[in-house]
A.B. asks: 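Here's a structure for you.
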Amino acid sequence: MFPCPVLFLYSRFIRNTMYLDLAEHLGLIFHLLLKKPDSSCVFVVRKDQDIYIQTLRKLFNESHGIFIGLQRSEEEFAGKSRKTQLVQVSKNYRSVIRACMEDMHQAAVSARDPALHSQYSTQVSILSAMELIWNLCEILFVEAAVAGPLLLRLLDWVRLHVCDVDNMVREVLSSENPSKHELFWNLGNTQTLTEMELKWQHWHEECQRYLQDGTFASNSHMESICKILLGDENAILEKKELMTTWYHFLVTRLLYSHPTVKPMELRFYAQSSMDLFLGGESSPEPLDTILMAAFEFELHQVIKECSIALSNWWFVAHLTDLLDHCKLLQSHNLYFGSNMREFLLLEYASGLFSHYSLWQLGVDYFDHCPEYGRVYLELHIERIPLNTEQKALKVLRICEQRQMHEQVRSICKIMAMKALRNNRLGSALSWSIRAKDAAFATLISDRFLKDYCEKGCFSDLDLIDNLGPSMLLSDRLTFLGKYREFHRLYGEKRFSEAAKLLLMLMTAHIAPCSFWMTLLTDALPLLEQKEVIFSAEQTYELMRCLEDLTAGKSDKQKFQDDDVETMKVEMLRLALARNLARVIVKEGTLEGS
Amino acid sequence: MGAPAALQACPSSLDNRISIWSVGDLGNVGLNGEYQGEPQLLCDIRHNGDVMDMQFLDQERIVVASSTGNVTIFRHHQNNQTLSANQRWEKAHYHVDRDASCGGAACTGVICSNPEIVTVGEDGRINLFRADQKDAVRTIDNADSSTLHAVTFLRTTEILTVNSIGQLKIWDLRQQRNEPSQIFSLTGDRVPLHCVDRHPNQQHIVATGGQDGMLSIWDIRQGTMPVSLLNAHEAEMWEVHFHPSNPDHLFTCSEDGSLWHWDTSTSVSEKPSFLHQGGRSTTYFSHNTINQSVVSAWLSNDPTKDRMEITNLIPNQTLSVNSLDILGPCLVYGTDAEAIYVNRHLFA
């Protein structure tokens with residue numbers, strides 16, 4: 001069933017380690033069916049699902065639009081314009097995360113239940129972490145900022161997430177020596193790296209001179225600020241409480257000691273910053289590990305750590321897809337054949353399929369997984385519960401657009417059977433027409449004919465009278481339509497036409513053998529009419545049909561035939577003989593035939 | 001306070017809600033001008049089952065058709081901005097065994113003409129309800145052997161229904177017999193019809209949309225087949241609406257994610273010369289003549305003479321557009337991406 005047993009096991013492993021979170025974040029009901037040691041925990045998770053999924057749905061829906069736009073965007077642009085395009089996509093993803101964060105925050109604020117409030121607040125911080133990581137990846141990988149702009153981006157990055165602290169520092173700085181800082185703050189793209197370095201070097205030396213001269217000796221505050229400006233690590237560390245995180249420390253450090261840092265140098269500063277900041281007191285948290293992996297440009301490590309820590313397929317799936325479009329992931333084939341991007345998209349989309357309406361998004365994701373997408377889609381699409389006809393129609397449209405004929409047939413059959421059980425013969429026929437299912441059309445026709453034989457009249461005339469070209473779908477259906485026509489002709493007293501039709505139904509073998517008796521019995525009133533309707537030839541034909549019918553029965557059957565049956569046959573024989581006599585006379589006379 | 005815009009059907013089942021949104025007036029400028037006109041959620045209420053169709057009964061009440069077979073009237077209390085369920089007809093639509101837990105059949109369409117409400121469903125049943133009356137005024141069981149997809153009023157006592165074997169039927173509710181007074185069907189394949197709407201002024205012009213995305217225009221005074229068939233969408237056409245005050249304009253939305261605006265106002269080919277003269281009497285004449293040219297626009301099958309402008313109003317289509325509504329210059333539509341779009345300058 002799965003493309004590869006190892007793939008299956010791997011995905012199960014990932015799921016097993018993240019039960020709670022996965023169910024929590026994606027609201028997958030099926031997880032509740034898996035055995036959990038603490039069942040009360042499951043109940044709480046169940047409650048979370050409904051709440052969490054409400055606000056996350058916006059994330060799923062909007063990111064789906066961005067994802068599709070990215071897949072469809074032509075690679076006509078090369079180089080810089082393509083990069084700008086990809087950066088814009090990345091920014092779009094981030095703005096969706098932020099919008100969700102705001103919604104979640106609003107929900108947290110307005111929640112009266114404290115448990116609910118804490119739930120929402122937790123989700124807000126998770127989303128915030130996601131945006132933090134994504135932002136860093138955008139700077140380092142998508143935009144691939146070079147030395148110079150790199151620090152500016154990192155500054156914005158930190159500022160965005162730790163804004164108030166930085167503002168304080170800036171205020172202090174800007175109140176003193178504004179002119180000295182003008183050159184520094186005006187770092188723009190217009191300046192080349194060398195120009196910037198020279199200017200910075202010059203400024204740095206000036207600061208150093210001021211410190212050494214003891215200009216700030218009288219004011220310890222100013223002195224420490226000057227030391228900070230010079231990138232003195234200890235001075236900066238002293239203000240640890242102002243900086244909430246080691247990466248804030250890192251960027252601050254770089255700002256004052258190495259503003260023209262190159263991307264590849266980041267790893268060293270990052271590692272030492274983390275060590276210095278944490279100082280052996282606390283161990284790195286998952287978020288720290290992820291950010292560190294990013295600074296080290298270990299893409300696969302980042303993705304792996306995110307998969308484990310976040311346990312939210314949404315994040316890794318979309319980020320990896322974007323990085324893949326940046327051509328940063330070599331076709332790093334996982335040894336079971338599928339590449340990283342596809343694997344993650346398949347997992348994410350499979351999760352969507354458990355949701356009663358988000359499955360529609362999943363379809364598009366499968367479409368963009370070239371190797372296994374189709375197989376996954378075929379398996380998942382048949383398992384969507386079809387509680388209304390409209391939903392079934394949507395599923396069918398998806399299957400038809402992808403030439404998934406087997407699925408079309410099977411879904412139509414399910415819907416037709418349901419309709420048949422509910423006695424909706426017209427609906428059942430409509431589904432068989434859609435699937436061009438001749439066998440089922442035959443089944444429905446037999447049902448109509450059975451009803452006719454039992455009740456003596458047709459039900460659902462509006463359907464049978466208006467079959468149109470769909471009549472040709474199956475022989476039995478054609479017979480039904482024609483048989484009804486015979487009745488109509490008889491009702492309109494167009495006897496000769498009716499007679500001709502009746503005969504044709506038997507001779508052209510449109511009528512099933514089981515129905516011949518009924519047809520011949522229908523011929524009786526025509527044979528008994530005052531005027532002769534059947535011609536000699538037609539009468540001979542009818543007789544032949546009758547004999548074929550009776551001859552076909554074995555002796556045993558004849559013995560089992562009750563009196564009614566034998567009487568019928570006798571009556572027919574008599575009527576046919578009488579008609580033959582009359583018609584021979586009629587045709588023999590001068591006016592005849 | 002903006003007038004409530006047409007409501008959006010939510011496709012999901014566990015947390016379906018009926019919501020009322022306010023779309024601000026043109027004169028209502030937001031804090032910094034940016035959020036002017038962004039729809040604001042006023043109130044919402046839980047709904048059991050998928051919302052299949054809904055319509056305003058009057059200024060305050062909305063009738064909602066559910067996939068569970070229930071038909072509910074919700075009341076919007078404007079003073080405190082809340083919604084409450086006012087009246088409900090349980091299992092108005094059901095399959096064979098009404099009392100079975102899953103015996104309900106989806107109610108697929110509802111149309112109102114205060115105080116009368118007509119509903120149709122997957123059970124092929126037509127119900128006539130009256131607001132504030134507990135029992136149905138009239139029920140036609142097995143009105144259709146297939147699923148009835150939509151219903152609309154033709155005249156005050158006559159309704160139009162479309163079904164899944166491509167038939168358009170007229171029912172006269174004054175008559176006691178349970179047969180349609182007229183049946184129209186498509187030529188060729190009996191493609192299911194999903195939506196129907198009647199021209200606001202010319203009551204004999206009817207538009208239907210089919211599963212193959214085809215738009216059919218019918219003249220119910222003559223013949224049993226459509227007057228024109230227009231190849232439109234690439235998938236099911238879910239809704240078709242004539243603009244209520246500007247009926248030269250027609251709107252259709254589809255599973256293929258597009259929303260088309262059909263404009264026949266430009267196809268008024270030749271204006272009679274006396275229109276250019278002034279005077280009261282000519283005004284009277286011109287009104288009639290314009291009506292006539294409008295009629296011919298929809299019923300004409302001479303493509304060289306009358307041109308129709310067709311525009312797709314959605315630039316980047318992805319998922320299905322399930323529902324739309326129009327009033328004046330305002331267009332509202334909802335998609336399967338769980339988004340509602342409002343366009344308040346339709347004819348700009």
Side-chain angles (χ1 to χ4, degrees), chain A residues 27 29 49-51 53-54 57-58 60-62 64-65 67-69 72 355-358 360-361 363-364 385 387-391 393-394 396-398 400-401 415 418-419 421-431 433-434 448 459-471 473, chain B residues 10-17 49-50 52 66-68 94-97 102-103 105-106 108 122-124 142-147 149 163-167 169 179-180 183-192 194 211 224 234-236 238 255-256 316 318-320 322 335-339:
Chain A
I29 299 168
Q49 286 170 10
D50 296 334
I51 301 153
I53 206 74
Q54 232 356 76
R57 279 168 81 161
K58 186 179 182 164
F60 296 148
N61 276 294
E62 304 251 335
H64 164 262
F67 175 83
I68 297 294
R72 285 181 189 167
H355 193 269
Y356 42 83
S357 73
L358 291 174
Q360 285 182 289
L361 305 178
V363 173
D364 286 318
N387 51 330
T388 61
E389 287 198 2
Q390 194 179 27
K391 199 166 177 189
L393 288 171
K394 285 180 185 275
L396 272 176
R397 183 60 61 183
I398 289 166
E400 279 175 0
Q401 280 170 347
M415 295 308 291
K418 255 199 228 173
R421 244 182 280 129
N422 288 324
N423 230 13
R424 312 254 83 240
L425 294 175
S427 295
L429 186 64
S430 159
W431 290 110
I433 292 172
R434 177 88 184 248
F448 270 114
S459 60
D460 307 317
L461 280 175
D462 61 331
L463 170 64
I464 309 174
D465 279 342
N466 291 291
L467 285 172
S470 60
M471 214 195 306
L473 182 59
Chain B
C10 306
S12 50
S13 49
L14 285 183
D15 53 354
N16 283 311
R17 311 192 87 84
D50 296 353
M52 305 298 294
S66 167
S67 62
T68 57
Y94 57 96
H95 288 305
V96 187
D97 184 4
C102 52
T108 51
E122 281 181 14
D123 55 352
N142 215 21
D144 203 303
S145 61
S146 66
T147 301
H149 284 296
N163 65 13
S164 57
I165 43 175
Q167 294 174 320
K169 296 183 183 176
E179 300 286 322
I183 301 180
F184 302 84
S185 38
L186 291 169
T187 49
D189 285 326
R190 301 292 193 256
V191 176
H194 284 291
Q211 201 169 89
T224 54
E234 290 164 5
E236 287 82 354
W238 294 123
E255 177 71 20
D256 68 3
N316 301 314
T318 47
L319 295 181
S320 165
N322 293 322
T335 68
D336 265 342
E338 303 184 7

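Chain letters run A, B, ... following the sequence lines, proteins first and then strands; every chain starts at 1.
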A.B. asks: With chain B, which of Thr388(A), Asn466(A), Leu361(A) has the greatest number of heavy-atom pairs at distances under 4.5 Å?
C.D. replies: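 Sorted descending by pairs with chain B, the first entry is Asn466(A).
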A.B. asks: If you count heavy-atom pairs under 4.5 Å between each of Asn423(A), Asn422(A), Leu463(A) and chain B, which one has the most?
C.D. replies: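 It is Asn422(A).
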A.B. asks: Does His95(B) have any ring-ring contact (aromatic ring centres under 6.0 Å, His included) partners at least two apart in sequence or in another chain, and if so, which?
C.D. replies: none
A.B. asks: Check whether Leu467(A) gets within reach of chain B through its side chain, its backbone, both or neither, counting any heavy atom under 4.5 Å.
C.D. replies: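 Just the backbone, heavy atoms under 4.5 Å.
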A.B. asks: Using a strict threshold of under 4.0 Å (side-chain N to carboxylate O), is an ion pair present between Asp336(B) and Lys394(A)?
C.D. replies: yes
A.B. asks: So how far is it from Asp50(B) CG to Tyr356(A) OH, rounded to the nearest 0.5 Å?
C.D. replies: 10.0 Å
A.B. asks: Which answer fits Arg421(A), side chain, backbone, both or neither, if we ask what part of it has an atom under 4.5 Å from a heavy atom of chain B?
C.D. replies: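 For Arg421(A), the contact with chain B is made by the backbone alone.
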A.B. asks: Sort Asp465(A) into side chain, backbone, both or neither according to what part of it lies under 4.5 angstrom from a heavy atom of chain B.
C.D. replies: neither
A.B. asks: Considering residues at least two apart in sequence or located in another chain, which fulfil the salt bridge (charged side-chain N to carboxylate O under 4.0 Å, His left out) criterion with Lys418(A)?
C.D. replies: none
A.B. asks: Given heavy-atom pairs under 4.5 angstrom as the criterion, report whether the side chain, backbone, both or neither of Leu393(A) touches chain B.
C.D. replies: both
A.B. asks: Between chain A and each of Ser145(B), Gly166(B), Ala235(B), Ser67(B), count heavy-atom pairs under 4.5 Å; write down the option with the most.
C.D. replies: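 Max contact count across the listed options: Ser145(B).
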A.B. asks: Within a strict 4.5 Å, meaning less than it, do heavy atoms of the Glu236(B) and Leu396(A) side chains meet?
C.D. replies: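 No, too far: nothing below the 4.5 Å cut-off.
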A.B. asks: Kindly compute the distance separating CD (Glu338(B)) from NE2 (His64(A)), expressed to the nearest 0.5 Å.
C.D. replies: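 Here the rounded value is 11.0 Å.
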A.B. asks: Heavy-atom distances under 4.5 Å only: say whether Glu234(B) touches chain A with side chain, backbone, both or neither.
C.D. replies: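 When you check distances to chain A, only backbone atoms of Glu234(B) fall under 4.5 Å.
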A.B. asks: For the residue pair Gly426(A) and Ile165(B), what are the closest heavy atoms and their distance?
C.D. replies: O-CG2, 3.9 Å
A.B. asks: Chain B heavy atoms under 4.5 Å from Arg397(A): which part of the residue, side chain, backbone, both or neither?
C.D. replies: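 Side chain of Arg397(A) only, per the 4.5 Å heavy-atom cut-off to chain B.
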A.B. asks: Give, as side chain, backbone, both or neither, the part of Glu255(B) having an atom under 4.5 angstrom from any heavy atom of chain A.
C.D. replies: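 Contact with chain A: side chain only.
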A.B. asks: How long is the span from the CZ atom in Arg424(A) to the OG atom in Ser164(B), to the nearest 0.5 Å?
C.D. replies: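 Interatomic distance, Arg424(A) CZ to Ser164(B) OG, rounded to 0.5 Å: 9.0 Å.
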A.B. asks: Looking at Arg434(A), Gln401(A), Glu400(A), which has the largest count of heavy-atom pairs under 4.5 Å with chain B?
C.D. replies: Arg434(A)
A.B. asks: Between Asp256(B) and chain A, which part of the residue has a heavy atom less than 4.5 Å away: side chain, backbone, both or neither?
C.D. replies: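 Answer is neither: Asp256(B) stays 4.5 Å or more from chain A.
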A.B. asks: What heavy-atom pair brings Glu389(A) and Thr147(B) nearest, and what distance separates the two atoms?
C.D. replies: OE2-OG1, 2.7 Å
A.B. asks: Less than 4.5 Å to any heavy atom of chain A: does that hold for the side chain of Asn316(B), its backbone, both, or neither?
C.D. replies: neither
A.B. asks: Quick check for you: among Asp123(B), Leu319(B), Asp189(B), which has the greatest number of heavy-atom pairs under 4.5 Å with chain A?
C.D. replies: Asp123(B)
A.B. asks: Is it the side chain or the backbone of Ala337(B) that comes within 4.5 Å of chain A heavy atoms, both, or neither?
C.D. replies: both
A.B. asks: Top residue by heavy-atom pair count (under 4.5 Å) with chain A, among Ser320(B), Pro180(B), Gly124(B), Pro192(B)?
C.D. replies: Gly124(B)
